[in-house]
Amino acid sequence: MSEPLRRDAVIDVLPSGYADVMPRAQANAKAAVGTVADANALIAIAARSGDARLIARAEKILERYRGRRETPDSLRAQAYVAQYRHDFDTALKLLDRAIERDPRDADARLSRAQILLVGGDVERARSECASLAVGLDADRGLLCIAAVELRRGRYDETKKLLDHWIGRASPKGESARHALLMRAETASRSGDADADAWFRKALAVGPRDVRTLAAFSRHLRETGRPADALQALADAPASDHILLERALAAHQAGRTDARDLGQMLASRFELARQLGLEPDLRDEAEYWLTLRNDPKRALPLAQRNFEHQRDREDVDLLRRASTAAESPQAWAPVAAWAASQNVELPSPQRGAR
């Protein structure tokens with residue numbers, strides 16, 4: 001790596017909140033290894049910013065809490081790290097151990113429900129949410145049930161649950177952002193005219209949250225407004241998924257920089273492999289399907305992704321890949337799963353990818 005020519009040259013930009021975490025680890029030699037609280041703070045920043053480097057640092061801190069030194073807090077933090085890396089089986093095993101230690105651990109039960117839902121085990125996820133709502137944490141349990149109803153495609157029921165929660169809750173904090181984002185996505189999937197307004201309410205709570213920004217961009221693209229999507233992402237953190245959203249919006253808008261953005265994304269995929277990591281399967285499948293127009297390359301990636309992730313976007317991706325690759329048999333497992341879990345399959349997207 002070459003040295004910068006200017007002393008004031010910017011080498012990297014660290015995510016907001018990072019500076020508040022790391023000085024605590026420099027206070028003395030003992031603190032330099034970090035605490036579970038430090039790891040959780042890094043994890044929270046990574047979730048907002050999409051910066052995987054912070055997950056790696058949190059993972060390093062948590063190494064000393066394995067085995068005999070593990071605690072429910074450290075088990076939950078390790079589970080989130082595993083979830084972030086899409087190692088859902090490991091995450092569930094860690095959460096199972098945390099719940100064995102404390103059956104009333106609401107945080108662990110909520111995390112377990114979220115992972116089950118992402119993995120497509122909707123029935124078990126709803127049971128976990130119900131246990132959370134009835135005896136442990138009514139507020140978060142209600143949001144958990146709303147997430148299950150949203151995943152099933154029961155939008156009217158989802159709106160009732162979320163409107164009730166939003167109407168009596170504080171408009172600040174992570175739970176509020178999550179509730180408002182779910183309300184926005186419900187409105188978007190229902191084709192409601194107020195969807196944009198709900199997304200903006202969620203962004204008012206977390207203006208630079210990559211999860212909210214990516215969802216808003218996707219909504220704008222699906223409703224035929226790729227230029228608005230690019231505008232929404234203008235100041236977004238530079239995560240891989242945000243880069244994909246920018247490339248997809250530029251491609252849909254017919255902009256000349258779409259190719260450059262796609263090449264940047266391909267370079268990041270290659271770098272991940274050089275580091276012994278696997279790129280996000282959903283992102284890479286979308287890259288090959290839409291940006292490279294290679295459904296034969298995209299389909300096996302979309303199929304592998306569906307084995308572990310069964311969010312609405314994962315299902316839609318496999319639908320589009322199997323159609324483009326003229327491989328209808330690839331859709332059969334999706335239809336069987338949806339029937340077994342009482343999930344309504346989404347209709348084809350409104351806007352071009």
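Start at 1 with the first residue, then count along the sequence.
The pair E174-R177 counts as a salt bridge, with a side-chain nitrogen and a carboxylate oxygen less than 4.0 angstrom apart. For R273 and E284, the salt-bridge test passes: some basic side-chain N is under 4.0 Å from an acidic carboxylate O. R112 and D121 are not joined by a salt bridge, as no carboxylate oxygen comes within less than 4.0 angstrom of a charged side-chain nitrogen. In summary, E149 and R126 engage in a salt bridge, as defined by a charged side-chain N under 4.0 Å from a carboxylate O. Using a 4.0 Å cut-off between a side-chain N of Lys or Arg and a carboxylate O of Asp or Glu, R101 and E70 qualify as a salt bridge. Using a 4.0 Å cut-off between charged nitrogen and carboxylate oxygen, D137 and R109 do not count as a salt-bridge pair. In this structure, R97 does not pair ionically with E100, as no charged nitrogen and carboxylate oxygen lie closer than 4.0 Å.
A parallel orientation is assigned to the rings of H219 and F216, their planes being inclined by less than 30° (bins at 30° and 60°).
For the residue pair Y287 / R292, a side-chain donor-acceptor distance below 3.5 Å is found, with atom types taken as modelled. Under the 3.5 Å distance criterion, with hydrogens and angles disregarded, no donor-acceptor pair is assigned to the side chains of D280 and H241.
Hydrophobic clustering (side-chain heavy atoms under 4.5 Å, transitive across Ile, Leu, Val, Met, Phe, Trp, Tyr) keeps L92 apart from L132. Hydrophobic cluster membership differs between V81 and L95, with clusters built from Ile, Leu, Val, Met, Phe, Trp and Tyr side chains linked at under 4.5 angstrom.
Of the possible polar contacts, one joining the R208 side chain to the D235 backbone as a donor-acceptor pair under 3.5 Å is found.
Within the structure, no pair that satisfies the disulfide bond (SG atoms under 2.5 Å apart) test touches residues 215-307, not counting sequence neighbours.
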